[in-house]
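Read the structure below first, then the notes.
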Amino acid sequence: MDVGSSALITPSNTTLSGVTQAQVYSTKREATTITVSYAGTALNSTVITYLPGSPVSAVLNPVGPLYVGSTYQIPLSQVKDQYGNIVATGTVINFTADNSATFSAPSNATLADGSLSAYILSNTSGLTLFNASYSGLQLNTTVISFSPREPVSGDISVTNSTPIVANNVSITVSNLRDQYGNLIESYLYQIDFAINASGAITPSAMPSSSSVTAQLNSTASGVKNITASYNGTLINSTLVTYLPGVATRTSLSANQSLQTVGQNVTLTSSAIDAWGNVVSDAQVLNFTADNGAKITPSNTTVSGTTLAQLNSTNASVITITVTTPAGTVLNSTTVTYAPAFV
């Protein structure tokens with residue numbers, strides 16, 4: 001007996017009761033022709049087709065970079081049996097992955113060349129372990145890294161939400177997350193800060209891996225709305241209320257510059273800080289008068305204004321002075337008291 005391929009034949013080539021038996025063996029996926037001959041003359045032949053065995057290995061081709069929220073093709077090739085033969089067309093390969101990854105594909109069966117593709121999707125960033133297997137036997141495995149998308153949200157905090165004007169406030173944006181809630185390292189992205197009112201924001205020169213910090217300063221009192229955004233998308237916002245500084249200047253007026261002794265004169269003081277902001281309520285301003293005149297002050301500011309009542313029983317020119325609690329003179333004026341006519 002002869003074999004027309006790479007198959008091996010172990011014949012018992014002598015007849016016994018007219019019957020001859022032989023053993024044919026092949027590790028190759030092929031069609032093998034067996035020929036029976038006598039004295040060089042072919043007596044008969046048949047064809048034996050050797051099919052491939054079950055898959056035991058496959059080649060995984062590199063993929064990347066991958067981002068969450070999109071489906072990617074992972075090519076597999078050379079799905080082979082234990083003897084290195086390409087497996088039969090239509091062999092179904094199983095795919096698994098951790099880290100919440102899912103698969104979608106029209107078919108996970110091999111093609112004639114032993115190739116197929118997995119289509120993987122994950123909304124969770126990080127490392128995903130991908131496995132290709134057949135009937136529980138692992139054919140190959142790889143680790144796939146899914147990166148987060150651009151930031152759409154994050155935490156925002158300030159070192160002081162009610163500073164005095166001209167003082168710096170640090171604004172920190174941290175825990176940046178994409179549309180799927182994945183944490184992002186902020187150094188990958190330029191975060192833009194903006195303010196809706198008078199003031200200036202200076203971004204940090206080099207953001208850290210976990211946060212972005214900027215410095216806010218304003219010499220104008222009032223509420224500032226601070227926004228942090230990326231590529232036009234609002235990440236978060238916060239409010240900072242700048243309070244006025246202490247009074248450094250004040251106007252001072254009397255409702256009458258000439259008054260009869262024993263009659264009241266109303267004094268009005270309007271105070272501002274060094275940057276022109278009307279001072280906050282409850283700042284204390286002291287009124288004093290000479291020549292024995294008396295002042296009945298309401299010496300705390302309301303909307304920057306302080307009122308006091310002046311009275312004198314002496315006919316004289318009275319000098320009224322407004323000072324800070326530390327004794328700094330802010331302004332002065334005079335009122336003349338005249339004798340009463342009988």
Side-chain angles (χ1 to χ4, degrees), residues 1 3-12 21-34 46-150 177-185 188:
M1 292 185 186
V3 60
S5 69
S6 61
L8 300 177
I9 188 166
T10 306
S12 171
Q21 293 183 334
Q23 301 294 320
V24 181
Y25 176 81
S26 179
T27 59
K28 185 177 180 180
R29 176 185 180 179
E30 61 183 352
T32 299
T33 301
I34 310 299
T46 190
V47 176
I48 299 175
T49 300
Y50 278 93
L51 301 177
S54 298
V56 297
S57 66
V59 174
L60 269 172
N61 298 306
V63 293
L66 306 186
Y67 291 89
V68 296
S70 293
T71 300
Y72 295 92
Q73 180 182 12
I74 302 179
L76 282 82
S77 61
Q78 301 184 47
V79 180
K80 295 182 177 181
D81 66 10
Q82 68 186 96
Y83 301 107
N85 298 295
I86 297 296
V87 298
T89 301
T91 301
V92 176
I93 305 301
N94 298 314
F95 303 120
T96 60
D98 61 6
N99 203 28
S100 304
T102 58
F103 295 95
S104 61
S107 172
N108 56 344
T110 58
L111 301 176
D113 63 355
S115 66
L116 74 160
S117 291
Y119 294 85
I120 191 169
L121 166 71
S122 180
N123 293 333
T124 304
S125 63
L127 300 180
T128 297
L129 180 63
F130 171 84
N131 284 290
S133 64
Y134 176 81
S135 295
L137 175 66
Q138 181 175 286
L139 305 181
N140 210 330
T141 185
T142 189
V143 175
I144 300 171
S145 178
F146 282 94
S147 299
R149 292 287 183 176
E150 296 176 346
R177 297 185 181 276
D178 67 10
Q179 66 194 88
Y180 303 104
N182 297 297
L183 194 63
I184 302 169
E185 292 186 339
L188 297 173

In the structure I gave you, are the side-chain heavy atoms of [X] and [Y] within less than 4.5 Å of one another anywhere?
X      : Y      : result
Ile34  : Ile48  : yes
Tyr180 : Arg149 : yes
Ser54  : Asp81  : no
Tyr134 : Leu139 : yes
Leu76  : Asn61  : no
Ser122 : Thr124 : yes
Ile144 : Leu127 : no
Thr32  : Tyr25  : no

Does any N or O in the side chain of [X] come within less than 3.5 Å of the main-chain N or O of [Y], such that one atom is a donor and the other an acceptor?
X      : Y      : value
Arg29  : Tyr50  : no
Thr142 : Phe130 : no
Ser70  : Tyr67  : no
Asp98  : Leu129 : yes
Thr33  : Val47  : no
Asn85  : Thr27  : yes
Asn108 : Val92  : no
Asn99  : Thr128 : no
Asn182 : Ser125 : yes

Inset, instruction - Return yes if a side-chain donor-acceptor contact under 3.5 Å exists between Ser115 and Asp113, otherwise no. - result: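 Distance-only check passes for Ser115 and Asp113.
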Legend entry - Gln138 and Ser133 side chains, donor-acceptor separation under 3.5 Å: no
Legend entry - Leu116 vs Leu111, side chain to side chain contact (heavy atoms under 4.5 Å, CB included): CA-CA, chis, key distance, verdict: CA-CA 6 Å; Leu116 74 160; Leu111 301 176; 5.6 Å; no
